[in-house]
Protein chains: 2
Amino acid sequence: MTETDPASVPERKRGSGVKMVYELLRDEILDLVLPPGSPIDEVQLAERFKMSRTPIREALVRLSGEGLIDTLPNRSTMVANIDFLNLHTFFDALVLMYRVTTRLAAQYQRPEDLVAIRAAQARFTAAAEAGDALAMIATNAALHAAIAEAGRNPYYISLFNRLLDEGRRILRLYYQSYGDRLPQQFVDEHEDMIAAIEARDIDAADRLAKAHAEQIVAQIQALFSRNQRHDIDL
Amino acid sequence: MTETDPASVPERKRGSGVKMVYELLRDEILDLVLPPGSPIDEVQLAERFKMSRTPIREALVRLSGEGLIDTLPNRSTMVANIDFLNLHTFFDALVLMYRVTTRLAAQYQRPEDLVAIRAAQARFTAAAEAGDALAMIATNAALHAAIAEAGRNPYYISLFNRLLDEGRRILRLYYQSYGDRLPQQFVDEHEDMIAAIEARDIDAADRLAKAHAEQIVAQIQALFSRNQRHDIDL
DNA sequence: TGTATTTTATTTGTCGACAAGAAATCGCCG
DNA sequence: CGGCGATTTCTTGTCGACAAATAAAATACA
């Protein structure tokens, strides 16, 4: 299981091994290619990437620091579970960060930020029109990350990225279950938010971000309440 | 330089090495025993702790993930600098987290939380009465960490701890410069906050936390404006 | 046949050594 | 005497191997 390009690493530069493993493993976790609870075998990864266990372990330590994997001392290490029982803490933090980062973006945006934001929005719109749920999930996170960057608060950026990552896993589950039914609504809401940011209208940015976030949260909550009869085998 | 107990590690259990190095290095960084910009030499640490470079490196990767050290690829690694030019982002996030965590503590506190909070407050009061600035810094952070724990939002707890860590470094600088002049005011403000948490008065908790945070921020800002003539050689 | 104990097997944590990269040093030539 | 390239040095990144810790399997015993 978890097969991926076994013949794409003939030679590789000195510091690139860890980064490669880190990013690929991270993507696989966030896209649920490695679902929560999946065991992670160092030696297996070492063979797969044709490198020693040392850089693998460094990548795993990094991922562990971000809470994406859990490590049992002296025993197995596995993909971190999604804490469904405390999702409200996630939603709470997510809504707050949506608001704060969008506010700050409206306050501190520079022209180059808007270029990046619009580019991300274009990618999101394309994904939405193509009906590509996976791309929508990724580009939505990227868009909001770009907005957060414009706010220029590294502490918020860091926490928000972590929340967006976790959100990718949860949304992945969402679209996985409900056959990629995608709301055009998101595109419009994003447009309004970007317009408020560009106009430096802080209050409007805050209000729109709050509505946007709460709408997403409500959708996810509706999904989970409809799905509670299903076994969530994690 | 950086001499510390060279003869205290005769034998040690299997997984304890990294943890020990991590915690000790972390404390030394936060207490400015290792000031920002200090070079960190792996082999030197390895000799100092009588262990291989491997566990040292793992501890360093952890610290790097928390932003406490910066690593130049293939080149030196050193204690992360304090970004004085963007302190406002720190203050902004700090005030917000003070408020949010205190609010949530008032909302979700349980009896055992109050026990922990009161214990932390007692330690802080003792440090304040003893005029021990270093202990005040550490116990103040511990008190607010305990309050955050009562709020039970792991995302907030994580970010707040990071902010409190950075705050420890900044406050350390503060008291270093100003000869341990300590405000009794903090003790009283803490008492009021704890009372609001205990009474589950969310609005009061929020208001008090905001005032408390902004007061601390104002003090630090006053310090830096008075100190701008001094060279800050970091 | 069920349970406790020893043995095996698997996986992690640690080690010492080597090689690559980059700065500092040295030597060469103008 | 000064600039420039080669060499040396020093630190990091990677490797393969070994040892400890734990779970699973096998064995002994009641």
Side-chain angles (χ1 to χ4, degrees), chain A residues 1-2 6 8-26 29 34 36-80, chain B residues 1-2 6 8-26 28-29 34 36-81:
Chain A
M1 52 201 76
T2 75
S8 66
V9 274
E11 270 178 55
R12 135 183 52 75
K13 265 174 244 157
R14 196 171 145 84
S16 69
V18 278
K19 191 182 173 191
M20 174 186 203
V21 175
Y22 166 79
E23 289 176 351
L24 196 135
L25 222 47
R26 191 187 121 103
I29 292 173
L34 294 176
S38 301
I40 293 183
D41 186 357
E42 297 177 1
V43 39
Q44 184 178 320
L45 286 171
E47 292 170 0
R48 177 174 158 197
F49 289 101
K50 306 257 194 300
M51 62 176 75
S52 151
R53 276 176 50 225
T54 309
I56 306 282
R57 279 177 69 85
E58 180 173 333
L60 293 184
V61 170
R62 274 231 183 73
L63 291 169
S64 166
E66 298 178 26
L68 291 179
I69 65 177
D70 288 333
T71 300
L72 282 292
N74 277 319
R75 212 71 215 126
S76 69
T77 143
M78 55 192 196
V79 178
Chain B
M1 51 203 77
T2 75
S8 67
V9 274
E11 270 178 54
R12 128 186 58 73
K13 264 175 245 158
R14 194 170 147 85
S16 70
V18 277
K19 191 182 172 192
M20 172 185 203
V21 175
Y22 166 79
E23 290 176 350
L24 196 135
L25 223 46
R26 191 186 124 100
E28 289 193 350
I29 292 174
L34 295 176
S38 302
I40 294 184
D41 187 356
E42 296 177 1
V43 41
Q44 183 178 322
L45 286 171
E47 292 171 359
R48 176 173 157 199
F49 290 101
K50 305 255 194 303
M51 62 176 76
S52 153
R53 274 176 51 225
T54 308
I56 306 283
R57 278 176 69 86
E58 180 174 333
L60 293 184
V61 170
R62 275 232 183 74
L63 291 169
S64 166
E66 298 177 27
L68 292 179
I69 65 177
D70 288 334
T71 300
L72 282 293
N74 276 321
R75 212 74 212 125
S76 68
T77 142
M78 54 192 195
V79 177
N81 284 335

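Keep in mind that the numbers below use all heavy atoms, side chains included, and drop hydrogens, waters and symmetry copies. Chain letters run A, B, ... following the sequence lines, proteins first, then strands; residues in each count from 1.
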Tell me: [atom1] of [X] to [atom2] of [N], nearest whole Å?
X     : N      : atom1 : atom2 : answer
B:N74 : D:dT11 : CG    : C1'   : 9 Å
B:E47 : D:dT11 : CD    : P     : 10 Å
B:L60 : D:dG13 : CG    : C1'   : 13 Å
B:K13 : D:dT22 : NZ    : C1'   : 16 Å
A:D70 : C:dT12 : CG    : P     : 14 Å
A:R57 : C:dC15 : CZ    : C1'   : 12 Å
A:E58 : C:dT14 : CD    : C1'   : 16 Å
B:K50 : C:dG13 : NZ    : P     : 24 Å

Residue B:T54, side-chain atoms from C-beta onward, closest of D:dT12, C:dG13, C:dT14: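 When the side chain of B:T54 is considered, C:dT14 is the closest of D:dT12, C:dG13, C:dT14.
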
Side chain of B:R53 - closest among C:dA17, D:dA21, C:dC15: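 Per side-chain heavy atoms of B:R53, the pick is C:dA17.
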
By the 4.0 Å heavy-atom rule, please label [X] as base, sugar-phosphate, or nothing.
X     : answer
A:L72 : nothing
B:T77 : sugar-phosphate
B:E42 : sugar-phosphate

A:R75 or A:S52, whichever maps to the more 5' nucleotide of DNA chain D: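 Between the two, 5'-proximity favours A:S52.
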
DNA chain D: 5'-proximal contact among B:I40 and B:R14 (nearest heavy atom):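 Result: B:I40.
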
Rounded distance [0.5 Å steps], CG in B:L63 versus CG in B:L68: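 With rounding to 0.5 Å, CG (B:L63) is 6.0 Å from CG (B:L68).
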
Could you tell me which non-hydrogen atom of [X] sits nearest to which non-hydrogen atom of [Y], and how far apart they are?
X     : Y     : result
B:A80 : B:G67 : CB-O, 3.4 Å
A:V21 : A:A59 : CG1-CB, 3.9 Å
A:A46 : A:R53 : CB-CG, 4.1 Å
B:T77 : B:I69 : OG1-CD1, 4.1 Å

